[in-house]
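First the structure, in the form of structure tokens, and then the observations on it.
Each chain gets a letter, A, B and so on, in the order its sequence line appears, and its residues count up from 1. The structure displayed is predicted, hence computed values, not measured ones.
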Amino acid sequence: MAMKVRTRFAPSPTGFLHIGGARTALYNWLYARHHGGSFVLRVEDTDAERSTAESMEVILDGLRWLGLEWDEGPGVGGDFGPYNQSERVSIYDAYLEKLEAGGHVYEDEGAVRFRVPDKTFTVQDQICGEVSTNLKEQGSTRYDADAKKEVPANPDIVIKRPNGGYIFHFVNVVDDIEMGITHVIRGEDHLSNTPKHLALYEALGVAPPVFAHIPLNLNPNGTKMSKRDQGALIHEYQNDGFIADAVNNYMALLGWSGKDDQEIFTLEQLKERFELDGVNKSNSKFDYVKCCWVNGEHLKSLSPEELSSHATPFLKAAGIPVEDPRVAAALELARERAQLLSEIPGVIATIFATEVSYDAESVEKVVSREGMKEILTALTEGMNSVENWKEADIKSGIADAATGIGAKMGALMFPCRVASMGSTSGADLVPVLELLGKEETVKRLETFTAKYL
RNA sequence: GACCCGUUCGUCUAGUGGUUAGGACACCGCCCUUUCACGGCGGUAACACGGGUUCGAGUCCCGUACGGGUCGCCA
């Protein structure tokens, strides 16, 4: 009989939701969902001085935004609660008694230490393979401020502070036991801690869960990512114009591969494909450019409705009247050239503006050319004579105007773009003109001519 | 410092003893096109180094170098 999979994400509410933590949450979520198991969220707030409610909210919001909903934990309850370690003290007391009964602990200057046995513990890691360690032989060191160097220290681990607060290693193991966690998927920074946890499991007489230590994400320069680094904080992705699935997709790719050429996945597809054997062993460097590309790919596959709902906050922030019926069509023009939602207003805002703001460089390119006045005049007349203001007719209107003055169509498109939209770059021009309407287009051509020619 | 983990194009990766070492991002070129972009096609670019084992090694073993991690009364 296969045991039901139970994974957990156990953040400490002492800061923001970091991309490393989010990826750990994602892998746990994916593994649980892939195997039809449960994903538990546990708050490791044993460090009362550093834990804050604000931090917890940021972390929960981040997980919600990513769509990594938890089956048990804060806000949803569950059969193994409470899910905040600060509320589980009586449970830890009971487990401490077990250790005391077994003679595994002793007091040291008010703290309680767990006696590390002199034996080799072997982690059967799903990703790193077999890793063996003898904690006693390996020893422990601490930094001596006076001597200004590392000095040998007691390898027995403190599990309870003199002030009564319990320590990570102990509560982490106790809760994983109590909550029935079957698979511990966490960052590789915990690999060296795992023998300690194994010693605790043994002293408690409980079989340890399956361990899988995932490689770390580093900066482009190979150092540890910090809050200041681009792409480090989850809540910034939302503001920067990423959609959650794209962020999940990119995080999954950083350290996991589906073993084929597919790189773009929805969360649902990741859930179907994700397995631990696709996780690789080496650390990776975060690449913001590729993350943007992944987002762009997701943008392309959004339905018009989804695109609209994702883009609306950004449109509003840019002052674009979202109730304008032309917005939907404009979004379709914008999605092809934007990787981030935040880039969309820049592409289409001018369509809805009452006044065009002209890009100096673009204007210069137009004004410096020969015969521009003639071209603009022909263009304006051409546009004026278009009767059925639809893409095809607008296009032939421009073509006819070009023929009329013996020029190529291309020679008119460029000034037409700058005159109507103010810049040499932007969305596909003819559809833009259609959205602008005949009257507005003509008006803009005339305004430009009067102003610069 | 001790111990642990890792090392394929600049980056993310595929590769599990015999491959022209594949894909993606980025970059460059060409095409398409009304500009930019998109798209299409093509190109530059990698097995850290040294020893083994083997008929044969990116793939297995050892060492070195480099990177990362752990060694807290943080988690």
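As judged by a 4.0 angstrom heavy-atom cut-off over every strand, E109(A) is placed among the base-contacting residues. T46(A) comes within contact range of the sugar-phosphate backbone alone, with a heavy-atom separation under 4.0 Å but no base atom that close. Residue-level contact check: S12(A) touches the backbone only, with heavy atoms under 4.0 Å from sugar-phosphate atoms and none from bases. Residue K408(A) is classed as having no contact, given no heavy-atom separation below 4.0 Å to the nucleic acid. Using a 4.0 Å heavy-atom distance criterion, G426(A) is classed as a base contact.
Comparing C4(B), U13(B), C71(B) by their nearest atom to the side chain of K196(A) picks out C71(B). In this structure, of C73(B), A24(B), U70(B), it is A24(B) that holds the atom nearest to the side chain of E263(A). Which of U70(B), C12(B), G72(B) sits closest to the side chain of L254(A) comes down to C12(B). Among the nucleotides G69(B), U70(B), C5(B), the one closest to the side chain of L216(A) is G69(B). Considering only side-chain atoms of D47(A), the nucleotide from C5(B), C12(B), C74(B) that sits closest is C74(B).
Contacts between residues 82-90 of chain A and RNA chain B, counted as heavy-atom distances below 4.0 Å, involve no residue at all. Against RNA chain B, the stretch residues 157-169 of chain A makes heavy-atom approaches under 4.0 Å through V158(A), R161(A), P162(A), I167(A), F168(A), H169(A). Remark: N280(A), K281(A), S282(A), N283(A), S284(A), K285(A), D287(A), V289(A), K290(A), W293(A), K300(A) in residues 278-303 of chain A come within less than 4.0 Å of RNA chain B through at least one heavy atom.
Nucleotide U54(B) forms a pair with no other nucleotide shown, judged by Watson-Crick or G-U wobble geometry with both contacts under 3.5 Å. With a cut-off of 3.5 Å on both Watson-Crick or G-U wobble distances, the partner of A21(B) is given as none. Base pairing of G63(B): its partner is C49(B), meeting the Watson-Crick or G-U wobble criterion (both donor-acceptor distances under 3.5 Å). Figure legend. A2(B) is base-paired to U70(B); pairs are counted as Watson-Crick or G-U wobble with both atom distances under 3.5 Å. Shown here, G29(B) forms a base pair with C41(B); the pair counts as Watson-Crick or G-U wobble because both key distances fall under 3.5 Å.
Take K373(A) and apply the salt bridge (Lys or Arg N to Asp or Glu O under 4.0 Å) test, not counting sequence neighbours, and it matches no residue. Residues passing the ring-ring contact (aromatic ring centres under 6.0 Å, His included) test with H197(A) are F168(A), H169(A), sequence neighbours excluded. Take K390(A) and apply the salt bridge (Lys or Arg N to Asp or Glu O under 4.0 Å) test, not counting sequence neighbours, and it matches E434(A). With sequence neighbours excluded, the residues forming a ring-ring contact (aromatic ring centres under 6.0 Å, His included) with Y27(A) are F274(A), listed by chain and number. Under the ring-ring contact (aromatic ring centres under 6.0 Å, His included) criterion, H104(A) pairs with no residue at all, not counting sequence neighbours.
Donor-acceptor pairing under 3.5 Å, judged by distance alone, is absent between the side chain of S140(A) and the base of C71(B).
U70(B) atom C1' lies 11 Å from atom NE2 of H197(A), rounded to whole Å. Following rounding to the nearest Å, M56(A) (CE) and A75(B) (P) show an atom-to-atom distance of 15 Å. As rounded to whole Å, 13 Å separates atom C1' of G23(B) from atom CD1 of I264(A). Atom NZ of K259(A) and atom P of G22(B) are 18 Å apart (whole Å). Rounded to an integer number of Å, the gap from CD1 of I127(A) to C1' of U7(B) is 17 Å. Atom CG of D189(A) is separated from atom P of A75(B) by 14 Å (rounded to the nearest Å). We find that CZ of R23(A) is positioned 12 Å from C1' of C12(B), with the value rounded to whole Å. When rounded to the nearest whole Å, the span between CG of L429(A) and P of U34(B) equals 12 Å.
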Exercise. Could you go through the side-chain hydrogen bond (donor to acceptor under 3.5 Å, both in side chains) check for R186(A) and T194(A) one step at a time?
Key: CA-CA 11 Å; R186(A) 56 175 23 166; T194(A) 308; 3.2 Å; yes
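Cation-pi geometry between R6(A) and F80(A) is met: the NZ or CZ atom falls under 6.0 Å from the ring centre, inside 45° of the normal. Figure legend: cation-pi geometry between K290(A) and Y288(A) absent, as NZ or CZ is not positioned both under 6.0 Å from the six-membered ring centre and within 45° of its axis.
Of the side-chain N and O atoms in S362(A), none sit less than 4.0 angstrom from OP1 or OP2 of U35(B).
Map T424(A) and P11(A) each onto its nearest nucleotide of RNA chain B; the residue landing nearer the 5' end is T424(A). Annotation: of the two residues near RNA chain B, P431(A) and E130(A), the 5′-most nearest-nucleotide partner is E130(A).
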Show me the donor-acceptor pairs, under 3.5 Å and distance only, between side chains in residues 403-418 of chain A and residues at least two apart or in other chains.
{"residue": "T403(A)", "atom": "OG1", "partner": "A399(A)", "partner atom": "O", "Å": "2.8"}
{"residue": "R417(A)", "atom": "NH1", "partner": "A427(A)", "partner atom": "O", "Å": "3.2"}
{"residue": "R417(A)", "atom": "NH2", "partner": "A427(A)", "partner atom": "O", "Å": "2.9"}

Result block: side-chain N/O donor-acceptor pairs under 3.5 angstrom for residues 326-333 of chain A, not counting sequence neighbours:
{"residue": "R326(A)", "atom": "NE", "partner": "D324(A)", "partner atom": "OD1", "Å": "3.1"}
{"residue": "R326(A)", "atom": "NE", "partner": "D324(A)", "partner atom": "OD2", "Å": "3.4"}
{"residue": "R326(A)", "atom": "NH1", "partner": "L435(A)", "partner atom": "O", "Å": "2.8"}
{"residue": "R326(A)", "atom": "NH2", "partner": "D324(A)", "partner atom": "OD2", "Å": "3.0"}
{"residue": "E332(A)", "atom": "OE1", "partner": "R335(A)", "partner atom": "NH1", "Å": "2.7"}
{"residue": "E332(A)", "atom": "OE2", "partner": "R335(A)", "partner atom": "NH1", "Å": "3.0"}

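At a threshold of 4.5 Å between non-hydrogen side-chain atoms, the residues V432(A) and I351(A) count as touching.
Residue pairs meeting the salt bridge (Lys or Arg N to Asp or Glu O under 4.0 Å) criterion with at least one partner in residues 105-117 of chain A, sequence neighbours excluded, are D108(A)-R113(A). Residue pairs satisfying the salt bridge (Lys or Arg N to Asp or Glu O under 4.0 Å) criterion with at least one member in residues 49-60 of chain A, sequence neighbours excluded, are listed as follows: D47(A)-R50(A).
For U70(B) and U13(B), the C1' atoms lie 27 Å apart once the distance is rounded to whole Å. Rounded to whole Å, the P atom of C41(B) lies 15 Å from the corresponding atom of C32(B).
Checked against the 6.0 Å centroid criterion, the rings of Y358(A) and F448(A) qualify as a close aromatic pair.
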